[in-house]
Amino acid sequence: MTETYKNLIDGNWTGGGELVANINPSDHADVIGHYSAASVADVEQAIAAANRAGAEWGATGLEQRKAALDFIGDELIARCEEIGRVIAREEGKTIPEGKGEAFRSGQFFQYYAAECLRQIGEQAASVRPGVDVEVTREPAGVVGVITPWNFPVAVAAWKIAPALAFGNSVVLKPSETTPASAAILADIIHRSGIPAGVFNMVIGEGHDVGSALAGSPGIDAVTFTGSVAVGRKIAQSAITNMARIQLEMGSKNALVVLNDADMDLAVQCAIGGAFFGTGQKCTASSRLVVEEGIHDEFLERMIAAADALVVGHALDEKTQIGPVVTERQLQQIEGYLQLGKDEGAEIATGGDILELATKGNFMRPAIFTGSNNKMRINREEIFGPVTSVIKVADYDEALAVSNDTDFGLTSGIMTNSLSRARHFKRHSQSGCVMVNLPTAGTDYHVPFGGRKASSYGPREQGTYAKDFYTIVKTSYVGG
Ligand code: NAD
């Protein structure tokens, strides 16, 4: 018998829905467990519970909120090894990547535990004599949290932690692809001492459970991370109820490599940014924009480094690149490899499907060469272990190509020129800009988010999160 992951509604674990298998992407014969699919009625009950419990939580003393968040953060960190293995088994990250995600998730809760005690308002002088003006913040209300599979615990953590810290109640709809790690997170939150109904979780597919949550008039705010297509639908339904919306979506991040870059560092950052996490990161370097003076050497070194990466079962200690998350996703990536060839690009290395000891979704990291920025492979999110090298004549063209995209989450530049680095930092049209660092990898105490189709609404993380999770009130006192 495998474990069944249930829904958490008003403090009770409820099952009874259709049981859906959770399959290990490294080994299709390994059924990790089953989730009990929530119904639309379950979603409505969870929202009703969050509405009932929200007022009490919003009025709770700050130390009680802090204690709950500390409890969650400390347990995530103490159990990061175990939770990391669960993430590796169901999502396909390597063990160090899974452990790192669980650890970082704990840090989000610890950070917002401290923020509980920093909720201090402002006072202003009035333009009218004898009047006092005060600016305070109140909880946004019931927050619907809809998350993707690629960081199943971390994305949920960076949304739930500020939501609870600022006095909101939550209904989480995790990705149906990663229910095991969501169930662990929900269990820890459930045991943290928060009142029943403040945190609820409903597991199921997006088209029914997700859309019932996003479109409910009982929700005050919806925070979503996932694809642009789904983000658009969620925004449209949430706006009919005038709910607040925060969307973090796709990307096509460019790493610019200039002639004067430190070549070892450039290759190291490009390999890590493009392929770690099996390239399934919203911050992945999917376009490597390379100045022509070093193009050939860079490409040669990239091919050698990519070929040396060990692709394998995520739970094997030697593995550097785990499987693609699902067979469907693997087929989609294969489709893009074919499309790239049809568009006239060449695959310099990789892209082959690997048959290993267990049947899984294994693909050797692929590098496109001879591509240009007009091709669909360089405009659409592939979301897998695939990157393109795009040759440019000079820095100006590199910057133009980097910005010539519908997205704008992260970007990076590898250079030893301070003036180029400063110019890029100012003119790159992305939410996060990296200099001599991979495009992936951000801190947890500063804002995270993008521009254009990558993000919509206020920033996540750091103190900026309060702009989404709180409502500002301006009070005037006269007399
Ligand atoms: P997805 O959009 O398919 O699904 C995300 C979530 O939305 C899942 O929980 C899914 O069940 C739900 N959903 C699907 N249809 C829905 C609907 N009609 N209504 C409501 N909810 C619905 O994304 P995914 O495949 O899980 O994740 C990969 C995507 O996430 C990539 O595009 C990636 O770039 C993006 N992502 C972005 C960031 C960021 O911060 N910008 C971070 C991680 C992942």
Side-chain angles (χ1 to χ4, degrees), residues 20 25 35 37-38 40 43 90-93 101 104-105 108 144-159 171-179 181-182 201-216 219 222-238 240 243 245-253 277-286 324-326 328-330 332-333 380-384 405-410 430-432 439-442 444 447-461 465:
V20 184
Y35 73 81
V40 170
V43 177
E90 76 170 349
E91 194 260 345
K93 282 192 172 71
E101 177 177 347
R104 173 52 61 93
S105 305
F108 279 114
V145 174
I146 301 177
T147 53
W149 48 262
N150 70 329
F151 284 97
V153 183
V155 176
W158 81 52
K159 294 175 186 297
V171 179
L172 167 68
K173 207 298 282 172
S175 171
E176 61 277 24
T177 309
T178 47
S181 47
M201 178 177 74
V202 283
I203 316 178
E205 296 208 2
H207 64 85
D208 51 4
V209 177
S211 65
L213 181 59
S216 168
I219 290 284
V222 182
T223 176
F224 164 82
T225 296
S227 59
V228 177
V230 172
R232 264 207 188 97
K233 281 189 203 162
I234 287 178
Q236 279 163 358
S237 55
T240 51
I245 308 166
Q246 180 183 60
L247 310 171
E248 291 297 341
M249 300 168 286
S251 60
K252 202 69 199 172
N253 313 302
T278 321
Q280 301 173 135
K281 292 183 187 176
C282 53
T283 51
S285 314
S286 53
V324 168
V325 70
T326 56
R328 201 169 135 240
Q329 187 77 14
L330 186 68
Q332 204 169 301
I333 297 167
E380 297 172 19
E381 192 177 41
I382 300 177
F383 222 58
T405 167
D406 295 337
F407 299 103
L409 186 57
T410 66
S430 63
C432 308
T439 56
T442 54
Y444 59 93
F448 173 73
R451 296 187 187 181
K452 305 185 203 170
S454 290
S455 292
Y456 184 84
R459 283 281 184 268
E460 303 205 79
Q461 303 182 18

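Counting convention: from 1, in listed order, for ligands and their atoms alike.
Judged by distance alone, with hydrogens and angles left aside, the side-chain atoms of K93 form a donor-acceptor pair with the main-chain N or O of N150 at under 3.5 Å.
Annotation: cation-pi geometry not satisfied between K159 and F224 (NZ/CZ under 6.0 angstrom from ring centroid, within 45° of ring axis).
For ligand 1, the 4.0 Å heavy-atom shell takes in I146, T147, P148, W149, N150, K173, P174, S175, E176, G206, G210, S211, F224, T225, G226, S227, V230, K233, I234, E248, M249, G250, C282, E381, F383, L409, F448, ordered by chain and residue number.
Between E381 and K252 there is no salt bridge, since none of the side-chain N atoms of the basic residue sits less than 4.0 Å from a carboxylate O of the acidic one.
Side chains of T225 and E248: no donor on one and acceptor on the other come within 3.5 Å. Side-chain polar atoms of T410 and S430 form no donor-acceptor pair below 3.5 angstrom. In summary, the side chains of E460 and W158 do present a donor paired with an acceptor at a separation below 3.5 Å, with no hydrogens or angles considered.
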